[in-house]
Every structure is written in C-alpha cells, then in structure tokens.
Amino acid sequence: METPRRQMAARYDAAAVEPDVYQRWLDADAFRPAPTPDPGSQPFVIIQPPPNVTGALHIGHALTATVEDSIVRYHRMRGDDTLWLPGVDHSGIAAQFVLDRILAEEGESRASLGRERYLERMWQFISETREVIGGQHRRLGASADWSRERFTMDEGSARAVRTAFTRLWDAGLVYRGEALINWCPRCLTTISDLENVHRDETGTIWTIRYHLERSDGTPDPDAWISVATTRPETLLGDTAVAVHPEDERYAALVGRHAILPFLGRRLPIVADEHVERTFGTGAVKITPAHDPDDYALAQRHALEAITVLDEEARVNAAGGEFFGRDRFEAREAILDRLRETGDLIAEKPHAMVVGHCDRCGTVVEPRLSVQWFIRVQPLAERALASVREGRTKILPAHFEKVYAHWMENIHDWAVGRQLWWGHRIPAWFCPDGHITVTDEVDGPDGCAECGRPALDLTQETDILDTWFSSGLWPFSTLGWPDETPDLARFYPTSVMETGYDILFFWVARMMMLGLFLTDAEPFHTVYLHGMIRAEGGVKMSKTKGNTVDPLSMVAEIGADALRFALVSGSSPGSDMRLTQAKLDGGRNFTNKLWNAARFVLGARPEPMAESGGEPSLAARWIASRLSEATERATRQLDVLDLGGYAATVYDVAWSDYCDWFLEMAKVDLRREGARDADRATTWSAAAAGLGTILRLLHPLMPFVTEAIWTELRDAAPDAAPVPLLVTAPWPGATPRAAAAEDAFADLAAMVRGVRNLRTESGVAASAWVPLVVEAANADAAARLESAAHYVETLARVRPIELVEDAERSEQVVAGRLGVAWLGRDAAADEVSAGRRAAQISEVDVGIARLETLLANESFTARAPAAVVERERVRLDELREQRERLVGGSE
RNA sequence: GGGCGAUUGGCUCAGUCGGUUAGAGCGCACGGUUCACAUCCGUGAGGUCACUGGUUCGAAUCCAGUAUCGCCCACCA
C-alpha cells in the first residue's frame with residue numbers, strides 16, 4: 001500500500017505552524033506527568049523560577065524558558081518521570097511600584113484607594129498580566145504542566161508561608177526588635193541589604209566646628225572640635241563626638257562636651273577604637289539614628305539615638321528651625337547657616353558609595369525602627385554545608401565560592417515590609433505587648449502568653465519580603481506543608497535553573513528555608529545562566545532602546561530560531577551577546593532543516609520498493625556519524641552543556657547530513673541503472689537519519705521538528721514511529737562503523753582536493769572535466785572504483801581514469817587514496833605552476849618535524865606508547881604520500 | 001578594601017581534567033541560475049591562543065606574577 005506523496009510548503013512559516021503544533025501537544029496532554037510514574041523511571045523535576053507579574057516577558061525570561069524547556073523535553077524523551085511546574089511571583093514591591101504608576105496616571109493613589117480597594121485593584125491587574133505571561137511562555141514553546149501552575153499569592157502559598165513563618169518563630173529563628181534598617185523614603189518600606197544597592201558617587205565632605213562647652217554650659221567661641229561629614233543634615237541627630245582613644249590631639253577633650261549648633265544639645269566626647277585617626281579631622285560626629293556605624297558605636301557607649309527624619313526623609317519636629325524640610329534641602333540650609341556662623345571651615349569633593357533603593361533608585365535612609373528579622377546564621381550553616389559537601393552542585397562551579405562567601409558573611413534578614421501587596425505576617429499583638437504567631441488561617445484563639453481573647457488581639461500590618469514566599473517555592477508548589485502525592489513523588493526537585501543575578505536573593509533563600517523546613521536540599525543542581533547583553537556587550541535596557549523583545553522575535557523568525565540563537569554559543573554563568581547575526585543564524589538553520597526535510601520527503605521513490613541489499617557507503621557513514629552525535633549530545637545534555645549540545649546537532653545536521661550525506665544520497669537515488677531495492681535502502685537511510693536528527697534537535701527546536709515529524713511519519717513510519725515527536729524516545733546508542741567513517745574521510749579528502757584543484761586551475765564551475773588518478777595501492781583502487789560515482793558528481797569530474805606510473809600534471813592532489821590530477825582539457829587551463837612541488841615541500845616539512853620528534857629519546861621514552869605509535873603511523877603515511885607525489889618524475 | 005571571571009583570526013564564541021597541523025558561525029575575497037534551501041552551494045585568505053616566567057618529552061590547556069576589561073561583595077564619617 002503506497003502513501004501518496006505529501007507536498008511540504010516551499011517555505012517554513014513559523015507563525016502559521018507553531019500555534020498549531022502547540023495545540024496538538026496540549027490536545028495530547030503531552031506535558032503532564034503520567035497519573036502514576038512508570039515503574040523504574042526516575043523523577044526529573046524543574047520548578048520554574050516565577051517571573052514577576054508586573055508585565056511582559058523580556059529576553060532573559062525567554063532564555064530561562066528555552067534552557068528549562070530544552071532540559072525538560074530531553075528528560076521526557078529519556079523516559080524520566082518529568083515535571084516542569086510553572087508559576088508566577090507576586091513580586092510585592094515591584095508590583096506596587098508598577099500599579100502606583102498606573103494609578104497615578106488615573107489620578108488615583110494608594111492613599112486615595114485605601115488598603116482594601118488597592119488590593120482588589122491589584123488582583124485585577126495581575127490577573128491580566130498572568131494571562132499574558134502564560135501565553136508568552138506557550139508561544140516560546142514551554143512544555144510546562146499548566147494544570148499545576150502556581151502563584152506565590154495563591155492559597156497554597158499562603159498556607160506554606162504561615163507554616164514556614166510559624167516554624168521559624170517556634171524555633172527561635174524569627175525575632176522582632178529595634179534596629180537600624182534600610183528605609184526607602186519613596187517606597188515607604190524597609191528593604192533588605194540586597195535591595196540596597198551601592199553606587200560610587202562623588203559627594204562632598206564638609207568640615208564643621210563644634211564649639212566646646214564652657215564650665216557655665218555655654219559654647220566657647222574660641223575652642224572647638226572639628227568634625228568631618230558627608231551628611232550635614234544628620235547633625236540634628238548627633239548625640240556625641242568620637243575620637244580615637246590614643247589620639248593625642250584629642251586626649252584632653254575626652255570626657256568633655258561639645259555643643260551642637262542650632263539645637264544646643266550637649267555632646268559628650270567619647271573615645272572609641274573604631275575611629276580612624278587619619279581620616280578627616282580624626283573626630284567623628286555621632287548620629288546613632290541615621291548611620292549604621294554610629295549606631296553600633298552608640299550601643300557601645302550607651303548613647304541616645306534621636307531620629308530627626310520622618311518616613312519621607314523630611315526633618316521632623318526634633319529638628320528645630322529645619323522642621324519640615326526634605327533631607328537634601330535641609331542639608332543646604334544647614335550649610336548656609338554654618339557659613340553664616342563661620343563654623344563651616346572646609347569642603348572638598350569626596351569619593352563615596354551611596355546606597356540606593358533597588359526598585360526606585362531613591363537614596364536609602366538608615367532608619368531606626370522595630371522590625372521583624374530572621375536569624376539566618378544557623379540556616380546558612382546548613383545551606384553552606386550542602387554545597388560544600390556536594391549534595392547540591394552549582395554550575396558553573398566557581399559560583400560555589402561566591403555562594404560560600406555570601407553565606408559566611410550573612411546578616412540577619414529584615415523580612416518585614418510596610419507594604420500592602422504580599423503575605424501579611426501571621427503575628428498578633430496583645431495589648432500587654434505579647435506576640436502570638438500562628439499558622440491558623442483565622443488567627444489565634446487568644447494570646448499565647450496571657451490568654452486574652454482573640455478579639456483583643458490585632459494582627460501585624462507588615463507583610464513579608466517577596467523573597468520569603470519565593471524561598472518556599474520548590475516545595476510550596478508541590479503541596480507542602482501537606483504530605484501530598486506530588487510532594488512525595490517530585491520533591492526534592494532536580495535542577496534549579498536561573499540567572500546568577502538572583503543567586504543570593506533567591507537560590508540562597510531556597511536552600512536555607514528548604515533545608516530547615518523539609519530537611520532536604522530542594523534541588524541537586526543549580527544551573528546559573530548568564531545575562532543577555534546587546535550588541536557591543538552593553539546591558540539591554542528600555543531606556544537605551546537596545547532590547548530584543550522575545551515575542552516580536554517569535555513573530556518575526558519563529559520560536560525555534562530564537563531558542564537556537566539564545567542557546568548556541570552560550571556557556572553557563574557567562575554573559576552573552578544576542579546579535580542580529582546570531583538571530584539570523586537561528587532562522588537560517590530552521591530554514592535549512594525544513595528544506596532538507598522537504599528534499600527527503602520529495603525524493604521518496606514512488607512506488608516504494610522493498611529495501612534490500614547492502615546500504616551504500618553514504619548510508620553506513622551517516623548512521624555512524626549520527627550515532628557519534630547522539631552519544632555526544634546525550635553526554636552534553638546530561639551535564640547541562642546546552643551550548644555544546646546546540647553545536648553538536650547543528651554540525652551533524654548541516655555539515656554531515658545536508659552537505660555530504662544528502663548530496664551522496666542524491667547520487668545513489670538518481671544513479672542510472674540503480675536497482676529499486678537499493679534506492680529504497682538509500683531513501684530509508686535518509687528518512688531514518690532525518691528522524692534521528694529531529695529527535696536530537698527536538699528539545700531545542702520543538703516546533704519545526706514536530707512539524708517535520710508529522711510529514712515524516714506519513715512517508716516513513718519506521719523513521720518516525722510515534723504520532724508525536726514530543727513523546728518520542730530519545731535516540732539510543734547504535735554501533736559505530738569505523739570502516740565507513742574511514743572510507744568516507746578518504747573519499748571526502750579526495751573530493752575536497754579535486755574541488756580545490758578546479759578552483760585554483762580556473763576551471764569553470766559548471767564544466768565537466770576528466771580526472772586521472774594513480775591509486776596508492778590495489779585496495780585504494782578498488783575503493784575508488786566503488787566510490788567513483790560519488791566523486792564524479794560531488795567533484796564534477798568525468799570520466800575518472802585509473803592509471804599506473806603515468807606522466808602527471810604539475811597540479812595534483814595527494815591523499816591516502818592516491819594522487820589525482822585533472823585530465824587533458826583542464827590541464828590547458830592551468831593558472832599556477834608548481835602545485836606538486838609545493839605539496840611535496842609541505843609534506844617534507846611534516847616529515848621533518850615528525851622525524852625530529854621521534855628521534856627525541858625523551859619523547860619516545862616518556863610519552864605514552866599510543867601517542868608515540870600514532871606519530872609513527874603518521875610519519876609512515878607522509879613518507880608514502882611523498883613517494884606517490886614524486887612518482888617516476890624525479 | 002576584598003573576591004570572582006574574562007583575555008583565542010575583523011566580530012561572536014567553542015576548545016572535551018596537556019599530545020605536537022587550534023575549530024565553528026558571522027564578516028571578507030573569488031566562483032556558482034547543478035531540479036531541498038541564494039535564509040543556499042563550492043573554494044580560499046585570516047590566529048606566535050593578552051604579556052612574562054615556571055613545570056613538562058610536549059602548554060591555548062597546569063602553576064606564579066603582570067596588564068587590560070567586566071562583575072560581585074564591603075558600615076570608614
């Protein structure tokens with residue numbers, strides 16, 4: 001029974017093909033793990049790093065999706081019990097930032113709406129963006145199990161958050177206390193150290209006189225101590241001046257007092273070893289409520305801390321005449337007044353680092369307040385040990401050092417946020433000051449300490465840092481804290497794939513919380529990808545207008561082409577440049593595959609005979625090459641070397657299969673007098689090879705391979721034995737054919753040599769010219785004869801004449817098969833003389849080098865025998881080649 | 001101030017725990033209307049692997065140092 005020949009479209013139309021293919025996968029329910037795992041299968045689980053809900057996906061998300069999807073599809077084909085669980089992060093502060101901006105455009109604000117209506121508005125906003133994000137992942141080909149899609153603000157996450165927080169509290173790892181935290185006066189919330197990003201800036205350092213107190217308590221106009229500061233406005237909160245205990249300049253002053261300008265406050269002069277004598281004047285003004293160093297010093301000396309800035313960083317009532325001014329206005333005003341009084345005695349430029357809010361860029365203000373903290377040292381120790389002892393591996397490995405360094409110097413995590421969008425801290429205050437923490441969704445029954453009824457308690461209004469719920473993600477998504485079947489089956493997970501930029505923010509927190517809460521490493525491998533940069537190696541940013549939008553790329557060149565461009569030439573942890581040339585390369589490769597398939601399907605012999613006889617050299621060779629490529633690709637995917645894998649499949653598909661095999665297959669198929677059975681054999685080999693390539697390539701380029709698979713399945717059921725490629729098994733190991741590979745190598749060398757001869761001799765590309773060959777020996781002659789039909793077509797030479805001891809042209813090519821030169825017609829076109837002489841001297845150089853090497857006794861004695869032997873063989877070959885080149889003419 | 005990484009043809013990158021002639025894509029030059037593909041095919045030019053020293057029979061690869069670039073961390077006013 002013959003299948004009618006199918007006609008593939010002349011051009012691959014990704015925009016038309018991809019949505020249709022994706023729908024077929026969904027219809028087949030291809031992305032969901034089986035209801036029960038196959039016996040003997042290993043679980044393979046990736047939990048998707050949840051993108052922010054705040055907007056559309058950018059190119060970094062496309063990279064994440066591509067890498068994860070490739071790995072997941074590979075494992076699915078391997079027959080693993082594979083789950084890729086997708087989700088979205090509520091991204092507290094970022095989401096509020098975006099929504100606030102939208103509200104501002106509408107003339108509304110957080111304040112005008114109030115907490116409840118604001119949160120309603122947020123849910124409405126994010127339900128739209130969540131849809132968009134899911135749709136975009138599907139366009140990229142993400143084979144995630146959408147039925148398990150999660151959100152960090154869904155009820156499951158909320159429950160996990162309450163449980164996790166309560167367990168940390170019960171273990172004494174959560175505390176509430178007064179401390180100097182990073183405050184963003186614009187976002188109006190605490191931020192963590194990680195969200196406080198330091199930038200180098202050139203500021204000014206001013207030197208100010210503080211007059212000393214006289215015995216009558218008034219400032220002495222003639223005696224002072226000079227202090228240096230970069231933040232004059234904090235002067236209002238000064239409560240001391242500090243000097244180094246061994247600084248002789250100030251020794252006499254320690255114990256006395258200075259008088260604070262404007263406010264008249266008495267400032268004790270204290271001695272503290274942390275003061276650097278050589279910096280500034282050697283005397284430091286101490287503002288405990290607005291500087292971390294000063295705060296620490298104040299603790300040592302039991303100094304008062306006076307807050308002089310309000311939430312929005314304006315001078316508060318404690319600031320006297322400067323009340324109500326913004327901190328930077330106040331700075332100028334204070335400097336002006338100091339100039340008036342003559343107490344500003346120096347100002348000069350000063351290189352310094354200034355902390356800014358990661359989200360909005362505002363200069364962070366250290367602020368003294370009562371906050372929730374997680375005591376992280378005990379958590380960090382375990383997280384560190386897991387990596388040190390190899391239970392979790394980080395790729396690339398050098399990030400293990402970065403991780404360790406951070407874990408070793410970790411500070412407590414200020415985890416409360418004065419925001420609305422997020423998980424409210426499950427803590428209740430009792431009028432008597434007691435704190436009750438509970439994981440009960442409805443709150444506690446009463447105060448845990450004094451038993452006062454629940455009605456008297458009020459819940460904490462602070463919410464948790466977004467990264468707290470993200471830190472639970474690998475297990476909260478699987479049902480934790482319940483012992484769900486998914487948790488039992490899929491946890492711990494396998495690979496955590498994400499960008500190195502959130503190693504601390506996220507990976508470290510997952511490790512710490514995961515180990516504490518589940519007593520297991522949440523994943524065995526962390527794969528960190530690099531950042532995508534624009535042409536020229538610069539950062540992509542919307543303001544620079546040099547971003548690559550993944551979705552418009554998909555529309556333009558297709559998801560496969562984009563995916564290929566993102567992965568090829570990349571290595572983990574290294575940034576990579578996404579250039580137009582690279583995108584073109586992906587598009588070209590997609591096109592190449594499509595056309596190769598179009599050729600193969602169009603070349604199907606009709607009617608199709610039974611296969612029979614020996615497979616041709618081309619067929620045996622490509623099978624062997626694909627076997628090698630399969631082994632290599634498998635190895636590379638197993639160690640997550642995506643860039644290497646992409647190169648492997650690209651090379652075998654383009655160079656081996658298309659450039660050589662298909663051209664040789666054409667010869668076999670079109671050869672006059674070929675038997676139908678042989679044609680069938682060759683075509684089957686072509687179809688089988690195509691099937692293998694499709695399977696090898698499917699993880700990275702799922703759409704085009706699936707589309708071709710559909711066609712191939714109809715034409716060659718043996719080559720495409722299952723309905724959908726997405727569920728096809730990964731190619732297995734097949735035997736290599738060393739003989740065929742060697743035979744091909746010699747043949748290809750001959751073809752290349754002859755092509756080169758033609759070009760150099762100026763033979764017209766379309767011209768058929770005779771070729772004369774003096775075979776190296778009888779075996780070579782036999783092999784040449786049996787492969788003559790290939791050489792003829794591939795090198796466009798006809799006829800091929802085998803000779804012995806003939807007079808030869810000066811234009812020859814020499815190889816292991818023998819020496820060849822173009823026949824009479826071409827000889828007349830010779831444009832360069834002495835090619836043979838040049839070849840001989842080239843061979844002589846090689847011979848000389850090898851002779852020297854092999855004469856070196858320390859080489860022959862110390863190098864491994866196999867290496868020495870290889871060099872001996874090579875020398876023999878070159879000597880033979882020289883013999884043949886020289887022939888009888890010398 | 002600490003730490004990490006990079007440095008390979010004009011550009012972007014590979015280079016398999018050292019093996020002697022360093023690869024690919026793009027770009028470039030030349031040639032091509034061969035019935036899958038010009039998003040293509042063929043041929044070619046182009047690299048003393050940043051520098052210096054060391055280890056070794058042998059170094060792009062290992063070690064030390066230098067330079068340049070990049071990144072991360074960091075409480076000196």
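Remember, it's a predicted structure, so these values are computed and weren't measured experimentally. Here is how names work: the chains are called A, B, and so on, in the same order as the sequence lines, proteins then strands, and each is numbered from 1.
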Checklist entry - Across the strands shown, which category fits A/Y12 at heavy-atom distances under 4.0 angstrom: base, sugar-phosphate, nothing? => result nothing
Item to check | Side-chain ion pair, A/R300 and A/E273, N-O less than 4.0 Å | outcome: no
Checklist entry - Does a salt bridge link A/E365 with A/R231, judged by any charged N lying under 4.0 Å from a carboxylate O? => result yes
Item to check | Phosphate OP1/OP2 of B/U39 contacted by A/R587 side-chain N/O (<4.0 Å) | outcome: no
Next on the checklist: For B/C4 and A/W406 - does any side-chain N or O of the residue sit under 4.0 Å from the phosphate oxygens OP1/OP2?
Outcome noted: no
Next on the checklist: Closer than 4.0 angstrom, basic N to acidic O: yes or no for A/R874 and A/E877?
Outcome noted: no
Checklist entry - Which whole number of Å gives the distance between the P atom of B/A67 and that of B/G10? => result 26 Å
Next on the checklist: Say we look at B/U48 and B/G9: how far apart would their P atoms be, to the nearest angstrom?
Outcome noted: 8 Å
Item to check | Earlier contact from the 5' end, RNA chain B, for A/R635 and A/N588 | outcome: A/R635
Checklist entry - With a 4.0 Å cut-off on heavy atoms, is A/H350 in touch with a base, just the backbone sugar-phosphate, or nothing at all? => result sugar-phosphate
Item to check | Most 5' of A/R598 and A/G846 on RNA chain B, judged by nearest nucleotide | outcome: A/G846
Checklist entry - Parallel, tilted or perpendicular for A/W594 and A/Y12, by the 30°/60° rule? => result tilted
Next on the checklist: At 4.0 Å (heavy atoms only), tell me whether A/D641 reaches a base, stays on the sugar-phosphate, or touches nothing.
Outcome noted: nothing
Checklist entry - Taking only N and O in the side chain of A/N756, is any of them less than 4.0 Å away from OP1 or OP2 of B/G44? => result yes
Checklist entry - At under 4.0 Å between heavy atoms, what does A/P864 touch on the DNA or RNA strands: base, sugar-phosphate, or nothing? => result base
Item to check | For A/R533, all residues meeting side chain to side chain donor-acceptor pair (under 3.5 Å), sequence neighbours excluded | outcome: A/D575
Checklist entry - If a stem is a run of at least 3 consecutive Watson-Crick or G-U pairs, both distances under 3.5 Å, which stems include RNA chain B? => result B:1-7 with B:67-73, B:10-13 with B:23-26, B:28-32 with B:40-44, B:50-54 with B:62-66
Checklist entry - Which value, in whole Å, describes the distance between the C1' atoms of nucleotides B/U20 and B/C13? => result 25 Å
Checklist entry - Quick one: ring-ring contact (aromatic ring centres under 6.0 Å, His included) partners of A/Y645, sequence neighbours excluded? => result none
Checklist entry - Counting any heavy atom closer than 4.0 Å, what does A/E663 reach on the DNA or RNA strands: base, sugar-phosphate only, or nothing? => result base
Checklist entry - Base, sugar-phosphate, or nothing: which does A/T230 touch, judged by heavy atoms less than 4.0 Å apart? => result sugar-phosphate
